[in-house]
There are 2 protein chains.
Amino acid sequence: MSKPDYVEIVEEVFYKYKDKKTEEFKYIGKNVVRWDAIAKVTGQPVFTADLLKLVKNPVFVYSVRTKYAHAKVKGIDYSDALKYPGVLAVFTAKDVPGINDVGYVIPDQPLLADRKVRYIGDTVALVVAESLENAREAGGLVQVDYEPLKVYLDPLEIIDPETFEEKPHELIHDERGTDILTRYKIRVGDVEKAFKEAAVVVENKYETPFQEHAYIEPEAAIAIPEPDGGVTIYAKTQCPFDTRKAVANVLGLPFNMVRVIAPALGGGFGGAEDVGNEIAAKVALVATRLKRPAVLIHTREESIIGHTKRHRTISWYRHAAARDGTLLAVEAKVILDKGAYASLGPFVAWRAVVHSTGPYKVRNAKVDVVAVYTNKIPGGAFRGFGNPQVTFAVERQMDSLAEELGMDPVELRLKNVLRNGDRTVHGQLLDHGVGAEEVIKKAVELSGWYEKRRLYASLTGPVRRGIGIAIFYHGNSIGAEGADYSSASVIIQRDGSIIFRTGLTDMGQGAIQGLINILAEVLGVPPNYIKVEAADTAATPDAGPTVASRSTAMGGNATLVAAYKLRQRLNKLAAELLGCGSPDDVVIEAPKVYCKDDPSHTITWRELVEQAFWKGVPLQEFGFYRAPPAEWDEETGTGAPYFTYTYGAIVSDVEVDLETGLVRVKEATTVYDIGRVINRTGAELHAIGGYIQGMGYALMEDLYYDSAGRLMNDNLSTYHIPTARDIPEKFNVYFVEAGYYHAPFGAKGLGEPSIVAIAPSIANAVVNALRSKQANKLVNKHPLTPDYVYSVIKKAGVKP
Amino acid sequence: MSKPDYVEIVEEVFYKYKDKKTEEFKYIGKNVVRWDAIAKVTGQPVFTADLLKLVKNPVFVYSVRTKYAHAKVKGIDYSDALKYPGVLAVFTAKDVPGINDVGYVIPDQPLLADRKVRYIGDTVALVVAESLENAREAGGLVQVDYEPLKVYLDPLEIIDPETFEEKPHELIHDERGTDILTRYKIRVGDVEKAFKEAAVVVENKYETPFQEHAYIEPEAAIAIPEPDGGVTIYAKTQCPFDTRKAVANVLGLPFNMVRVIAPALGGGFGGAEDVGNEIAAKVALVATRLKRPAVLIHTREESIIGHTKRHRTISWYRHAAARDGTLLAVEAKVILDKGAYASLGPFVAWRAVVHSTGPYKVRNAKVDVVAVYTNKIPGGAFRGFGNPQVTFAVERQMDSLAEELGMDPVELRLKNVLRNGDRTVHGQLLDHGVGAEEVIKKAVELSGWYEKRRLYASLTGPVRRGIGIAIFYHGNSIGAEGADYSSASVIIQRDGSIIFRTGLTDMGQGAIQGLINILAEVLGVPPNYIKVEAADTAATPDAGPTVASRSTAMGGNATLVAAYKLRQRLNKLAAELLGCGSPDDVVIEAPKVYCKDDPSHTITWRELVEQAFWKGVPLQEFGFYRAPPAEWDEETGTGAPYFTYTYGAIVSDVEVDLETGLVRVKEATTVYDIGRVINRTGAELHAIGGYIQGMGYALMEDLYYDSAGRLMNDNLSTYHIPTARDIPEKFNVYFVEAGYYHAPFGAKGLGEPSIVAIAPSIANAVVNALRSKQANKLVNKHPLTPDYVYSVIKKAGVKP
């Protein structure tokens with residue numbers, strides 16, 4: 001069977017530009033200011049809640065949440081609430097016309113609680129009033145008759161860590177008959193034999209915390225009822241098409257009757273994946289019932305309680321190595337604390353199992369990942385998506401192993417790291433640019449690894465310095481999780497200006513600017529010719545979700561395909577108009593267009609476009625790209641789970657105060673192989689932003705519950721994230737460009753990768769600073785708060 | 001050079017279905033309820049002004065219009081207006097950031113008057129206030145220092161009817177150096193010789209009146225300033241892309257920074273072509289300056305004064321015929337009363353010249369058409385676009401000729417009418433279905449022509465009956481006027497529902513339902529799977545203007561191309577999934593899909609669509625179609641001005657009250673060759689609606705000015721249009737389907753054609769009723785008001 005045209009186009013462009021250096025491009029790899037920078041820095045109204053200033057006569061929707069983390073709902077009396085001034089209606093589960101569910105992957109999550117509540121964020125009723133204040137106040141008058149149930153906060157109450165079997169307990173999801181959401185495994189080689197033959201074995205338990213996305217913009221959604229019975233929704237959502245599907249299900253409408261528009265997002269990080277669906281469904285329900293615009297705006301507290309988190313994990317890792325450091329086997333058990341609902345948990349668990357042995361040659365592996373329901377805020381999508389959790393364990397293991405072997409951690413990694421032509425633990429042949437070795441070497445060079453390693457070993461006094469490395473790989477896009485396609489729409493207007501659309505969203509990550517650069521480069525026009533319209537399910541084809549570090553590769557491919565087809569047609573026309581020898585001889589440097597051998601004879605871009613209109617040359621294209629199929633064998637954990645991988649090496653240089661346990665990162669080095677840099681400014685700032693968010697994860701962030709399942713730190717005054725004063729003094733950012741032939745100009749994703757290995761690099765640096773074998777063993781979880789680090793210092797007996 | 005794929009697709013489909021009868025289609029030619037019927041009849045908010053209920057914090061824009069129909073503007077003092085309560089700003093010509101012009105074809109029409117005013121609708125200032133009332137009241141306080149100039153209301157003051165040369169006068173458009181806007185001509189054969197050899201010559205002067213579109217919805221526009229400095233406009237406009245261009249020019253922005261969305265229009269008829277540009281530019285100017293939503297809503301009076309009209313014409317026709325009725329020559333001079341600005345006048349004049357000899361074999365012709373500025377409301381686009389005016393003259397001439405020859409008017413027409421293989425007066429070979437003869441014969445049959453002709457000749461008493469025929473042809477689409485392309489966008493959603501978009505608008509004419517039928521037929525899905533989104537310049541490619549009876553043919557072709565490509569891909573996939581022998585064997589009757597030889601083995605449409613997402617089959621298509629090139633020689637008036645023609649024959653059966661002059665149409669027969677009926681309900685109602693509007697044009701509608709150029713009948717209480725009580729008791733509607741291979745399933749346009757020959761058919765019927773050779777000469781203008789008809793009765797001495 002012949003390749004689809006879109007695959008051929010992407011390959012052709014890749015090979016044509018493969019050896020080009022950044023200097024030879026006009027926009028690819030350059031520092032281009034993002035298209036929306038001016039509007040954002042001048043405070044223009046670009047976010048969902050900003051639209052409120054345009055919407056007349058709205059009603060406000062307040063979510064009445066449960067008082068119990070686990071209870072039966074025996075009745076709801078909202079008669080008092082209805083009498084409250086300004087209150088228009090109260091809606092409960094019985095008012096849902098379609099399916100009362102917003103579960104992302106499986107239907108386990110009611111939009112409005114019916115029989116049960118399962119965590120403190122569950123909504124039992126929606127109060128609708130003329131003002132948000134009235135709605136909120138009336139919410140206090142909704143009387144719910146609960147029958148409290150036992151609250152499960154620790155997954156180890158539900159699963160036996162030894163047998164990995166479910167323990168007898170009062171089921172949270174009694175309708176499912178089990179509180180085990182999902183299991184994944186890898187069974188490769190002969191682990192038992194490898195462990196027997198190993199010279200060194202290290203075994204540790206690890207724990208990683210919950211993490212809150214802490215995006216600047218809390219959730220907001222506005223629904224406008226449409227004359228035909230449909231609804232238009234403006235919402236903070238990363239994935240407008242998924243949101244549309246959720247709303248359509250709740251309302252019982254076909255997809256085309258629900259229109260979802262995603263204004264700019266003030267941060268997403270995966271957190272705006274399923275909460276977008278929930279808030280959109282809430283306002284859509286109200287708007288279609290009351291025939292008025294409906295608005296929902298979360299406070300920070302509602303945001304933190306109401307949206308998913310990075311899954312907490314508990315894992316047990318056993319690594320076996322030969323005397324020379326060669327990895328012989330990995331055995332691991334990983335528990336994901338799912339919280340109350342599946343959300344994206346099944347996919348997170350799968351990504352965790354895929355990445356569970358790190359970017360190393362591993363021939364023998366036995367891994368079990370299980371996701372277990374508890375009565376906490378659901379774990380969901382968060383930048384990295386299961387990979388940071390397992391990478392923390394793997395990379396701590398590698399340092400423990402290095403210590404046992406007496407090897408430098410860098411040497412141990414170089415000994416085992418995946419290289420071109422190797423196979424991953426899943427048996428996947430890495431047949432294209434694997435920059436893993438190069439990123440390690442470059443990170444070592446830029447960070448001054450060996451010098452600092454030597455220097456820090458000799459420091460004395462109460463403030464120690466340490467330097468640690470961690471490496472990782474990260475499968476691009478959604479892999480074997482789903483149908484992996486993307487699309488884009490490019491319409492050249494009659495004056496030569498261009499309208500670009502994609503169903504992918506910009507949550508601040510700047511991926512859209514990458515698409516602009518691709519479009520500009522291929523067409524030969526300056527980026528400011530291109531106007532980006534908001535993602536709109538009624539105006540763009542489904543581009544797939546804006547997740548999984550897929551925007552640049554997948555969205556970029558779709559954009560490239562559209563741009564390429566348009567460029568081909570324009571080249572042909574321009575060659576005719578100018579008399580060029582061949583269409584390939586046409587140079588477009590808008591506003592100039594000429595034949596390459598006669599730059600003095602030009603027509604303008606606008607003239608070329610006008611001629612296309614006269615001569616019947618279509619100037620609109622939908623770009624489409626379907627990723628190469630991924631494979632996964634559920635029984636063995638083998639196949640080709642992702643079509644390509646991003647590689648990275650992080651070196652963190654930290655200071656540890658032995659008297660307080662306070663850790664500060666002084667210098668951070670991040671080196672990523674992203675195939676090809678598309679927008680340098682964006683990539684560099686992404687590397688830095690990812691580091692800082694990873695640093696928060698490493699050093700300070702976690703959720704704390706009381707025994708009744710109430711969240712204790714539901715505000716940014718108690719949930720601490722890094723501030724400007726916490727940021728390292730120096731960043732070294734570098735990119736390796738070992739391109740991928742199924743990606744636009746070879747580019748791979750950086751979105752998630754930029755956080756994956758930050759925490760272990762910092763933890764390894766802290767261990768290095770403490771210079772204690774016992775500390776190496778003790779640093780087996782994060783956040784590395786002063787309390788925790790101080791306790792390690794005490795236990796390990798580290799003295800200034 | 002090979003044909004573009006879109007041309008091949010349209011031809012292939014045409015020939016495949018050429019001989020299919022309506023019964024064999026699922027949706028083509030059937031009675032399908034239009035997609036927006038429910039929303040409209042239940043009073044849902046679908047029009048532009050309805051959106052006001054959604055827009056918060058708007059400012060209101062009032063246009064201060066000139067007091068003089070022709071004057072110099074020496075100064076504007078709006079200080080008092082600025083002090084009026086609620087007034088926020090006053091804008092004049094100096095505030096326009098871009099080009100102060102909204103001329104549709106040539107730049108002769110300032111948005112805001114600068115040096116001069118040229119008719120009583122000219123806007124001198126925009127007053128912006130918190131309420132429309134305040135803005136309107138403050139408008140009265142704007143002081144303009146005018147220097148009045150001579151007002152020209154009669155084009156014969158400007159042009160000599162004999163020489164057709166411009167007379168010396170004070171120029172209205174002094175900047176142009178002439179008040180002749182444009183001239184067109186035909187010079188074919190040897191007219192002088194033909195007249196010498198003719199057996200019969202008839203010569204008459206004709207006049208046709210202005211006509212107001214009188215759409216139900218007066219103009220409205222709402223502009224929302226965008227964060228990036230651009231603007232989004234919701235406006236009553238037939239042609240969103242033209243409106244966008246006008247606004248972009250006024251604001252000095254590239255096209256992609258101006259977004260125009262056209263909600264449902266409550267009527268258009270051509271009137272919403274350039275007024276849309278003007279109102280959009282006004283609100284856009286205000287919104288971008290004040291950074292608030294800006295609203296403009298016209299009263300009926302502002303609407304009538306502020307938008308263009310059908311051009312009044314004065315013409316002189318001379319026809320020569322042989323004794324057997326064969327037409328030998330036509331000589332004609334036609335003056336279009338342009339009013340103050342060009343608007344679409346150049347194109348209207350061109351269409352007039354093209355159609356100036358009617359659908360007859362004419363080998364010798366000398367025609368001059370001239371458009372002359374006056375100080376009246378500009379003539380612009382109106383259903384028929386110059387053709388009704390010349391057709392009135394031609395068809396009255398034919399009846400005069402018949403009288404002179406002693407022939408039945410039907411026989412004379414059948415003798416001369418164009419048939420397949422004939423050439424038009426321009427020398428254009430009619431190489432495909434010419435239904436002209438058939439429409440005449442069918443109209444004669446359905447109307448009972450011969451019987452009534454006999455019967456009515458014998459009636460006596462004060463109330464006479466008469467029956468008249470008129471025929472016509474009408475070039476489809478914009479022909480040699482411009483680049484003639486269209487496009488559409490079809491996106492199949494993952495649940496199988498479909499989003500359809502086109503930049504064409506629906507002003508009530510229902511053409512969009514035709515596109516839905518085409519899409520449904522080709523894809524094999526019920527029409528209710530398809531959701532039509534509003535025309536939106538930021539979401540659809542330029543589809544060309546919604547004018548010139550082009551929506552079904554041109555928009556239909558674009559839709560067909562998109563649907564065909566999708567169907568091909570789906571057939572291929574379905575054949576694989578079902579194991580059909582060939583993709584052509586796939587039957588889609590959504591929700592069922594099967595191989596034609598095994599209807600019991602089905603998959604669902606939704607499954608097929610889902611598989612397409614998994615297998616990388618793109619389910620979005622831009623359909624594009626570029627019309628075959630048209631040709632026009634300016635010197636001789638020859639070429640191929642339009643790619644195809646609609647033909648029609650109208651028989652009107654009237655009652656004339658000899659004592660009052662009142663004319664009532666009792667029965668109307670309309671037969672059109674539209675190639676292929678796409679939506680029968682729409683076509684039939686269109687034929688009826690067109691007849692009624694044409695009847696108003698024939699019997700009652702005209703504009704009356706005082707000597708200062710002030711319009712005397714600027715409201716529907718003084719400008720009369722037919723009401724339900726005026727409608728004929730019986731309509732006979734029939735369609736001939738002599739298909740066109742460059743059109744979707746062969747379909748040609750009916751939008752304009754349905755009005756073209758109404759007035760002459762009624763006038764001919766009135767003459768028939770009066771049974772007087774002198775009356776035949778005297779009925780040379782319309783409207784045939786009771787006054788006018790009574791004067792004819794008196795002059796001709798017709799007695800009961």
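In what follows, every chain begins at residue 1, and chains take the letters A, B, ... in the order their sequences are listed.
For the residue pair A:N557/A:Y6, the side-chain donor-acceptor check at 3.5 Å is not satisfied.
Looking at A:T42, neither its backbone nor its side chain comes within 4.5 Å of chain B, counting heavy atoms on both sides. Using a 4.5 Å cut-off between heavy atoms, A:E610 makes no contact with chain B at all. For A:D542, the part lying under 4.5 angstrom from a heavy atom of chain B is the side chain only. For B:V7, no part lies under 4.5 angstrom from a heavy atom of chain A. Interface residue B:Y485: only side-chain heavy atoms are found under 4.5 Å from chain A. Of the two parts of A:P254, the backbone and the side chain both hold a non-hydrogen atom closer than 4.5 Å to a non-hydrogen atom of chain B. Contact annotation for A:R292: neither backbone nor side-chain heavy atoms come within less than 4.5 Å of a heavy atom of chain B. Both the backbone and the side chain of A:Q620 come within less than 4.5 Å of a heavy atom in chain B. Heavy atoms closer than 4.5 Å to chain B are found in both the backbone and the side chain of A:F255. Heavy-atom distances place the backbone of A:Y529, and not its side chain, under 4.5 Å from chain B.
Using a 4.5 Å heavy-atom cutoff, the side chains of B:P263 and B:D50 are not in contact. Using a 4.5 Å heavy-atom threshold, the side chains of A:V55 and A:I222 count as touching. Counting only heavy atoms from C-beta outward, the side chains of A:R626 and B:W614 approach each other to under 4.5 Å. Counting heavy atoms from C-beta on, the side chains of A:I516 and A:L519 never come closer than 4.5 Å.
Between chain A and the options B:I224, B:L52, B:I491, B:D36, the largest number of non-hydrogen pairs under 4.5 Å is found for B:I491. Put simply, of A:V617, A:T540, A:I499, A:L619, the one with the most heavy-atom pairs under 4.5 Å next to chain B is A:I499. With chain A as the partner, the residue from B:G482, B:G230, B:A627, B:G43 showing the most heavy-atom pairs under 4.5 Å is B:G482. By number of non-hydrogen pairs under 4.5 angstrom with chain B, the leading residue of A:I38, A:I530, A:D495, A:D484 is A:D495. Highest contact tally toward chain B, considering only A:R244, A:K40, A:E226, is held by A:R244 [criterion: heavy-atom pairs under 4.5 Å]. Ranked by heavy-atom pairs under 4.5 Å with chain A, the first of B:N57, B:V46, B:T537, B:I498 is B:I498. Between chain B and the residues A:K291, A:M257, A:R259, A:Q493, the largest count of heavy-atom pairs under 4.5 Å involves A:Q493. Interface remark: of the candidates A:Y625, A:F624, A:W35, A:F241, A:F624 forms the most heavy-atom pairs closer than 4.5 Å to chain B.
In this structure, A:E533 and A:R501 approach most closely via the heavy-atom pair CB-CZ, 3.4 Å. Taking every heavy atom of both residues into account, B:D228 and A:K531 meet most closely at OD2-NZ, 2.7 Å. Taking both residues in full, the closest heavy atoms of A:P293 and B:L54 are given as CG-CD2, 3.7 Å, listed atom of the first, atom of the second, then distance.
We find the CZ-CD1 distance between A:R494 and A:I492 to be 14.0 Å, quoted to the nearest 0.5 Å. Atom CE of B:M554 and atom OG1 of B:T559 lie 11.0 Å apart (nearest 0.5 Å).
The environment of NZ in B:K56 is crowded: more than 12 heavy-atom neighbours from other residues, nucleotides or ligands sit within 6.0 Å.
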